[in-house]
Amino acid sequence: KNLSKEVVENLKDWFAQHYEWPYPNEEQLKSLSDDTGISVKKINTWFINARKRRRISGDECEDGQGRLPSTSPTPTSVNAARESEEDSAVESEEISKPAEKTKL
């Protein structure tokens with residue numbers, strides 16, 4: 001059975017507000033369940049599918065390439081990974097620059 005438009009809008013709003021980390025905790029799931037009248041299991045399934053839809057559509061997310069990470073990192077580890085990627089990008093850019101020739 002499909003969810004009502006009102007329920008879907010409520011879930012989409014939550015998803016948009018938490019776009020960087022769309023993983024509701026137990027308390028948030030319970031609150032969404034109370035607000036919508038839908039079971040926690042159905043809400044959890046909706047979020048799993050929403051994250052898959054975002055990945056398939058190619059939207060930017062945790063790894064910057066439209067894919068969800070294979071594990072669910074904490075927001076802190078996501079930031080650390082981004083910083084590491086930025087450092088790697090700078091290092092590879094420096095490596096790929098041709099050496100400047102000195103004029104004699």
Side-chain angles (χ1 to χ4, degrees):
K1 181 180 171 188
N2 291 333
L3 301 176
S4 71
K5 286 184 180 183
E6 291 174 359
V7 169
V8 171
E9 286 304 314
N10 193 329
L11 297 176
K12 283 183 177 180
D13 287 346
W14 192 98
F15 191 89
Q17 291 171 8
H18 300 86
Y19 197 77
E20 288 292 318
W21 190 253
Y23 297 88
N25 62 32
E26 292 299 319
E27 184 178 311
Q28 292 166 324
L29 286 169
K30 177 75 170 107
S31 176
L32 287 167
S33 177
D34 292 343
D35 292 347
T36 61
I38 303 299
S39 72
V40 169
K41 183 177 179 178
K42 282 187 180 182
I43 291 172
N44 197 39
T45 300
W46 186 90
F47 277 100
I48 290 168
N49 291 334
R51 291 187 296 265
K52 285 181 184 177
R53 284 189 295 271
R54 178 174 73 174
R55 181 185 71 226
I56 290 168
S57 73
D59 285 354
E60 182 96 2
C61 58
E62 281 78 16
D63 74 350
Q65 298 177 0
R67 295 179 302 212
L68 293 173
S70 57
T71 60
S72 297
T74 61
T76 304
S77 65
V78 170
N79 291 335
R82 285 185 183 147
E83 290 171 5
S84 175
E85 287 177 29
E86 290 169 3
D87 292 344
S88 296
V90 171
E91 288 172 8
S92 65
E93 187 176 302
E94 290 171 356
I95 292 169
S96 63
K97 286 182 183 177
E100 292 184 26
K101 295 181 181 178
T102 15
K103 294 183 180 179
L104 297 174

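Keep in mind that what you see is a predicted model, and the values were worked out from it rather than measured.
For Gln28 (side chain) and Asn25 (main-chain N/O), a donor-acceptor pair under 3.5 Å exists by modelled atom type. Put simply, the side chain of Ser31 never gets that close to the backbone of Glu27: no donor and acceptor are under 3.5 Å apart.
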Check the pair Thr36 / Leu3 against side-chain contact (heavy atoms from CB on, under 4.5 Å), numbers first and verdict last.
CA-CA 10 Å; Thr36 61; Leu3 301 176; over 6 Å; no

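Looking at Phe15 and Phe47, their side chains come closer than 4.5 Å, going by heavy atoms from C-beta outward.
The CG atom of Asn49 lies 10.0 Å from the CG atom of Asn44; values are rounded to the nearest 0.5 Å. For the atom pair CG (Asp35) and NZ (Lys30), the distance works out to 10.0 Å, reported to the nearest 0.5 Å.
Scanning both residues, Pro22 and Arg51, for their nearest heavy atoms gives O-NH1, 2.7 Å.
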